[in-house]
Amino acid sequence: MALYEVNRARVVQAMLEENSSTKGLILLEGGKQTTRYDTDHEPVFRQESYFHYLFGASQYSDCYGVLSLPDGEATLFVPTWGVDTETMCGPSPEFELVKKDLGVERVFGVGDMKAFVEKEMKRLEEEREEQEEKKSGETSSPKLFLLKGLNSDSGNFATPAHFKGIETFKDVRDDDTLFKCIAECRVTKSPAEVNLLRYTNWISSMAHVEVMRACKPGMMEYQLESLFQHHTYTHGGCRHVSYTNICACGPNANILHYGHAGRPNSSVLKSNQIALLDMGAEYHCYASDITCSYPVSGTFSVDQRSIYESVLQAQVSILGKLKPGVTWVEMHREAEREVLKGLVKCGVLIADDGDIEKAVEKMLEADLGAIFMPHGMGHLIGIDTHDVGGYADGAPERDTRPGLRKLRTARFIEEGMVLTVEPGCYFIDPLLDMALSDDRQKKFFDTDRLKDFRGFGGVRLEDDVWVTADGCENLTLCPRSPSEVLDVMKGGAWPPENDVLPELKRAWAMCKEGKMKMLDMKVA
């Protein structure tokens, strides 16, 4: 597949830019088929992300892949099975079919891998010695490049490939170079990757619309989750979701990662609540991450609308400023700024002298933004929901201030990045109580008005955005303006005939006959 061929070429180029005389083999180990605890139950397999980036192979577990340097030839090693396993799981992969399907140069059985690596490393060393004799100078010895490095989101390490006999290569093993090269390649997306992300966003957006239409008081949160997964699988072929779905209604939205086993989307929807639904499908291991918020009743109350519009304004403001060269820290601050302005306008916060702009800057200095938006404004997205490279070597370090330290990257924005833009506003009792006991922060509150929002929950709006040469393009196609949201909840058509909020930069598209087609949307 062209997508993975491009990814492989990018990694080879990055390795050669690191050292132009680099020779050797890149060796990656694919994901393993696991079982649940001590049972023989096998959860649905999902390929390891770095392996998928280079080889695809989302349907093949227990593989290895080799990429030759400097020529970039790809060799895949797949398991072969005996009759018992074939009876249970079907025939072993046919090498020629795998080769054609995945666009690699060679396919062998896993059992042939050690001999192949030994032979190739020997060949490369002989070439080096021959070249050295002709040039009468030293050349770099071939290396076996393995993947090892820290994921700054999880705190876990990528595990180097391992197989019986790998100690044979201890003198030529390099665990340092590959990780930084491949992680940096994943920071920006190729056109083919963007097209795949466009698809995952389209099917997930349409699923959100179906859930929005169905939402009504008396339903269970898990019913909304079920409807989303049904739509993305039935109509989009998405067997996996990108993360555990968050279907948080009312005060449950104060739990940022609600939906886990201890809070399993199991509450009843009430008519006076805001529903915050953070759900995204995954297709061919590429993620989407989308959040919609709307009134369960189908009608915004005055307070609900005021908070919703402040978060929407934050999103609009960020999309208007997002382009290569700005910093993600600046974008986070812009989100906090707009949310705080909205809270002043609805009376929760006070601008003593009537100058909202000046008052909000003082609130930011007092770290008040982190009370109402205690998460980062967004993150890189791609093969992983929280994609790699956020705090890579050489990138800006994590800020230590409240709010800013929650950012998953502090990088300068580059063309080709795809990031989530997800401003939010929440009324979380422990954080509010902390603010009310903090001399820097408590002076900004109207404590009587604040009581009206205790138990409110929160609002978050999250879109996936592709950074272009001179701005950005919004891949997410959900209803966002209050009029769009309420119209869809009443059964209105989507996509709409006209774009009432072009400031969101939604790149209108739909899937026809298996291909994404751009739509010519009129501006209202």
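For the numbers below, each heavy atom of this structure counts, side chains included, while hydrogens, waters and symmetry mates do not.
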Backbone N/O of T400 and side chain of R405: donor-acceptor pair under 3.5 Å
yes

Checking the side chain of N474 only, and the main-chain atoms of L504 only, is there a donor and an acceptor separated by less than 3.5 Å?
yes

Taking the cut-offs as 6.0 angstrom to the six-membered ring centre and 45 degrees off its axis, would you call R8 and Y53 a cation-pi pair?
no

Under the rule for salt bridge (charged side-chain N to carboxylate O under 4.0 Å, His left out), what residues qualify as partners of K189, not counting sequence neighbours?
D387

Quick check: does any side chain N or O of H284 sit under 3.5 Å from a backbone N or O of Y286, one acting as donor and the other as acceptor?
no

Between N265 and N245, is there a donor-acceptor pair closer than 3.5 Å when you use the side chain of the first and the backbone of the second?
yes

Give a yes or no answer on whether the side chain of E338 reaches the backbone of Q313 with a donor-acceptor pair at less than 3.5 Å.
no

Taking only residues two or more places apart in sequence, or in another chain, which ones meet E503 in a salt bridge (charged side-chain N to carboxylate O under 4.0 Å, His left out)?
none

Distance only, no hydrogens: is a donor on one side chain within 3.5 Å (strictly under) of an acceptor on the other, for S317 and E334?
yes

Can you establish whether the number of heavy atoms outside R333 located under 6.0 Å from its atom CZ is more than 12?
yes

Distance-only, no hydrogens or angles: does the T420 side chain make a donor-acceptor pair with backbone N or O of E422 under 3.5 Å?
no

Can a donor-acceptor pair be found between the side chains of T476 and S205 at a distance below 3.5 Å?
no

Give me the ring orientation class for H52 and Y4: parallel if the planes are under 30° apart, tilted from 30 to 60°, perpendicular past 60°.
perpendicular

Regarding R186 and D384, does a basic nitrogen lie under 4.0 Å from an acidic carboxylate oxygen?
yes

Applying side-chain hydrogen bond (donor to acceptor under 3.5 Å, both in side chains), run through D62 and Q33 and close with a yes or a no.
CA-CA 7 Å; D62 305 292; Q33 177 61 67; over 6 Å; no

Evaluate the ring planes of H379 and H386, with Trp represented by its six-membered ring, and classify them as parallel (under 30°), tilted (30 to 60°) or perpendicular (over 60°).
perpendicular

Would you please classify the geometry between the Y50 ring and the F179 ring as parallel, tilted or perpendicular, with 30° and 60° separating the classes?
tilted

W494 ring center near W508 ring center (under 6.0 Å):
yes

Regarding S204 and S288, is there a side-chain donor-to-acceptor distance under 3.5 Å anywhere?
yes

Return a table of donor-acceptor pairs under 3.5 angstrom between the side chains of residues 9-18 and protein atoms on other chains or two or more places apart.
unit_1, atom_1, unit_2, atom_2, d
R10, NH1, C185, O, 3.2
R10, NH1, T188, O, 2.9
R10, NH2, C185, O, 3.1
R10, NH2, T188, O, 3.4
R10, NH2, T188, OG1, 2.8
Q13, NE2, E17, OE2, 3.1
E18, OE2, K180, NZ, 3.1

Do any N or O atoms from the side chain of T385 and from the backbone of Y243 form a donor-acceptor pair under 3.5 angstrom?
no

Salt bridge (Lys or Arg N to Asp or Glu O under 4.0 Å) pairs touching residues 281-290, sequence neighbours excluded, are R46-E282

With sequence neighbours excluded, tell me which residues meet ring-ring contact (aromatic ring centres under 6.0 Å, His included) with H240.
none

Do any N or O atoms from the side chain of T200 and from the backbone of A281 form a donor-acceptor pair under 3.5 angstrom?
no

Within a reach of under 6.0 Å around NE2 of H162, are more than 12 heavy atoms found that belong to other residues, nucleotides or ligands?
no

Between H208 (side chain) and M279 (backbone), is there a donor-acceptor pair under 3.5 Å?
yes

Does the pair E118/K122 count as a salt bridge with the N-to-O cut at 4.0 Å?
no

Do E126 and R123 sit within salt-bridge range, that is, some charged N less than 4.0 Å from a carboxylate O?
no

How many angstroms lie between atom NZ of K32 and atom OG1 of T159, to the nearest 0.5 angstrom?
11.5 Å

Ignoring hydrogens and angles, state whether a donor on the side chain of D174 or T177 is under 3.5 Å from an acceptor on the partner side chain.
yes

Closer than 3.5 angstrom, by distance alone: can the side chain of E414 be matched with the main-chain N or O of M417 as a donor-acceptor pair?
no

Quick one: list whatever passes side chain to side chain donor-acceptor pair (under 3.5 Å) with K323, sequence neighbours left out.
none

